[in-house]
Each structure stands twice: as structure tokens, then as C-alpha cells.
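These notes are about the structure you will find just below.
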Amino acid sequence: MASARHWLEQIRALPLRRRIRVMNVCGGHERVISMAGLRGVLPDRIELIPGPGCPVCVCPEEDVHAAIRLALRPQVILVAFGDMLRVPANVPRREPRSLEQARAGGADVRPIASPREAGKIARANSGREVVFFAAGFETTMAPVAALVAEGMPSNLSLLLSGRLTWPAVKMLLESETPGFDALIAPGHVSTIMGPEEWGFVPENHGMPAAVAGFDAESLLAALYSVLRQHLEGRAFLDNCYAHVARPGGNPTAQRLMAQTFRVTDANWRGIGVIPRSGFQLNPELAACDALERFGMRDDAGRKRAGEMPPGCDCARVVLGKIYPNQCALFGKACTPRNPIGPCMVSDEGACRIWWSSGTRGQGADAFASARY
Ligand code: SF4
């Protein structure tokens with residue numbers, strides 16, 4: 001593959017006469033863009049917009065709240081990916097507002113790095129109930145489906161908060177102000193679901209799109225592709241991650257997901273319900289559902305859960321309507337050490353990535369003009 005320098009020179013040579021806004025749909029892409037300082041070396045007319053690519057950021061508050069309530073049960077071990085532990089929920093002052101606070105108060109909350117670890121912990125603690133708070137996109141749901149297919153220990157259940165990525169992009173494209181002119185699609189999701197999943201962007205909306213991997217070379221190649229398409233008045237899906245994201249994706253993963261989950265309408269934190277954007281366990285797997293097992297499916301307590309913390313603009317950050325540094329709390333009340341909203345908690349959250357990479361003054365400000 002050509003070097004990042006090559007693609008940068010190609011991009012700089014393009015005769016861009018007006019602003020073009022390119023959205024990425026992946027926290028991994030945003031991290032590479034920010035850590036490599038790509039915004040600072042690209043022509044001013046190119047805006048790179050972080051989009052809805054952080055599963056922790058969009059995990060509904062009521063799911064976080066349910067996880068905390070389950071963790072507080074004495075017989076329960078609650079396991080979750082590490083960045084879910086610090087996600088705050090809106091609760092009365094006397095209650096723990098995150099899994100981390102529940103753990104500090106004595107709850108048995110354990111971070112894990114893969115779904116398999118949940119099975120191991122359940123087998124090692126057969127006298128207790130283990131709940132796996134499984135929040136993530138297609139790339140997380142595929143290994144969760146494999147865990148179920150392998151046979152879950154009887155004391156393990158799932159609090160599922162899985163989401164599909166493309167419906168959020170479809171929702172934006174069907175809105176009056178999508179806010180972007182081209183799309184860089186996530187390479188890892190394409191590896192599972194197939195790059196074709198993003199074909200609707202050029203086919204239905206006439207918008208240039210390219211699938212990218214997770215280094216500066218691949219991202220710049222994808223960026224060059226969508227800029228060329230834009231200049232030439234064409235729109236197609238270019239796969240710039242073809243050595244990994246193969247046509248049709250991963251059929252085994254798709255088969256496991258189909259036998260484990262059904263796709264339903266789902267709530268995205270701060271955004272609302274997006275049609276057919278969530279994974280739910282198939283009815284025959286109800287025994288694996290933590291909400292069913294603990295009688296919390298119709299829990300009135302969950303319904304009083306709110307949305308984003310007061311003053312937090314995460315929903316608009318997730319939708320690419322504002323940049324992280326346009327939130328009034330960014331870097332002031334809200335930092336990784338003291339996060340107010342989920343976008344500052346997760347390694348895939350745009351606010352945390354911008355803060356950690358130093359993208360909060362020069363460079364970022366150059367792109368932070370009023371968007372609409
Ligand atoms: S800076 Fe903090 S409060 Fe503001 S949008 Fe980001 S996470 Fe939310």
C-alpha cells in the first residue's frame with residue numbers, strides 16, 4: 001500500500017474549491033485521525049467530522065442504570081468492558097451513579113476484555129449469578145453470539161445493549177441536515193457484515209463513501225477516494241480495506257448472530273429510538289436474558305432514568321452536529337479524570353480522544369466554525 005505521505009500529497013494536489021465535510025463512523029478512525037494530527041496537515045477546506053462511532057456513548061442511560069441495580073444485588077457478579085464502568089447515570093445523590101461507584105460501595109463489578117472472560121468467571125463462580133453487561137456494535141455482538149453458541153454456563157446471563165452502526169448513518173442522511181458530504185465507513189464492522197452494507201450511502205443518497213482501516217495510510221486513501229468522487233461528481237463505495245474487509249464479510253459470524261439475535265428498534269442515549277438499530281436475544285434464548293432472569297423487564301425504576309447529564313452535549317457530538325470542543329464543559333468541568341458525559345469516558349468517545357490527543361485549541365478551532 002502507498003505511504004501516508006503519498007496520499008497526503010495526492011490530497012493536497014486536488015483542486016478543492018469549497019469546503020467538504022467528511023464524517024467517520026468509528027472511534028478507532030477518530031483516534032487515528034486525532035493522534036496522527038491529520039486535521040493539522042490537511043487542506044483547510046477538508047473538515048473531518050467524528051460521528052456515531054462510540055457504543056459506550058450511545059448506550060442508553062436506562063441500561064447503565066439497570067447494570068448498576070443488578071451489580072448491587074449481593075449474589076451477582078457484574079462483568080463489563082472496562083470503559084462501561086465509569087459511564088455515569090442520572091440518579092439521586094445517595095445512589096451510585098456508575099458501576100465504578102457501585103464497586104467502591106461493595107458491589108462485585110469486574111472489568112473484562114473479551115466475552116469469553118465472562119464465561120470463565122461464571123464457571124469459576126458456579127454458586128453465584130454472573131451478569132455480562134454486553135454493550136457494543138456488530139464487532140462486539142459477533143463474539144457475544146459465539147459465547148452463546150458455545151453454550152453459556154447456567155449461572156451466566158446477558159444484559160444486552162448491542163447496536164448496529166449503519167441505521168444511525170441512515171437516520172442522519174434522511175434528516176434535513178445530515179451535516180456531511182462524504183462518508184468514511186468503519187473497516188472492522190465491514191469485516192463482519194461485509195463492505196456492501198454501506199452501499200446504501202452512494203446508491204440511495206448519491207454520497208461518496210469509502211471503507212477504511214485503522215492506520216493513517218488507509219484513512220488517507222479512503223479520504224482521497226471520497227474527495228475524488230466528490231470532485232468528479234460521482235458516488236460509489238470504495239473499499240480501501242479490501243485485504244481485511246472481504247466481500248460478504250464473515251459468514252460464520254453473521255450466521256451466529258442471526259441464530260442469537262433479532263434486530264429491533266432501539267434507544268440511543270440522547271438521540272432517541274432509531275428503527276431497526278438494536279440487537280435483542282431471540283425469544284428462545286430468554287433464559288439467558290438478565291432482565292428476564294431477575295424480573296426487571298418491566299422495571300418502573302428504569303423508566304424514570306433520564307438522558308444525558310445536565311449541560312452535556314454528547315448527543316450532538318455523537319451525531320457530528322458539533323465538535324467536542326464546542327461543548328461548554330469540554331476541558332473545564334469535563335475531563336477524562338472527571339467525566340460528565342459518556343463521550344469523555346470511553347476510549348472511543350470523541351471528547352476523550354480530542355482531549356487525550358491535545359486536539360482542543362489550534363487545529364481543532366480551525367474546523368470549529370459554525371456548521372450550519
Ligand atoms: S465535553 Fe463532556 S459534557 Fe461535553 S459533550 Fe463531551 S462528554 Fe459531554
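We count residues from 1, following the sequence as given. Values reported hereafter were calculated over all heavy atoms of this structure, with side chains retained and with hydrogens, waters and symmetry mates removed. Counting starts at 1 for both ligands and their atoms, in listed order. Fair warning: this is a prediction, and the values are worked out from it, not measured in the lab.
For Arg5, the CZ atom counts as loosely surrounded, since its 6.0 Å shell holds 12 or fewer non-hydrogen atoms of other residues, nucleotides or ligands.
Side-chain contact between Pro324 and Trp355: absent, with no pair of heavy atoms (C-beta onward) separated by less than 4.5 Å. Contact annotation: the side chain of Glu47 never approaches that of Ile20 to less than 4.5 Å [non-hydrogen atoms, C-beta and beyond].
Salt bridge annotation for Asp108-Arg128: present, with a cationic side-chain nitrogen under 4.0 angstrom from a carboxylate oxygen.
For the pair His29 (side chain) and Gly213 (backbone), a donor-acceptor distance under 3.5 Å is present. Distance alone, capped at 3.5 Å, places no donor-acceptor pair between the Asn338 side chain and the Cys334 backbone.
Atom 4 (Fe) of ligand 1 has Cys327 SG as its protein N, O or S neighbours under 2.8 Å.
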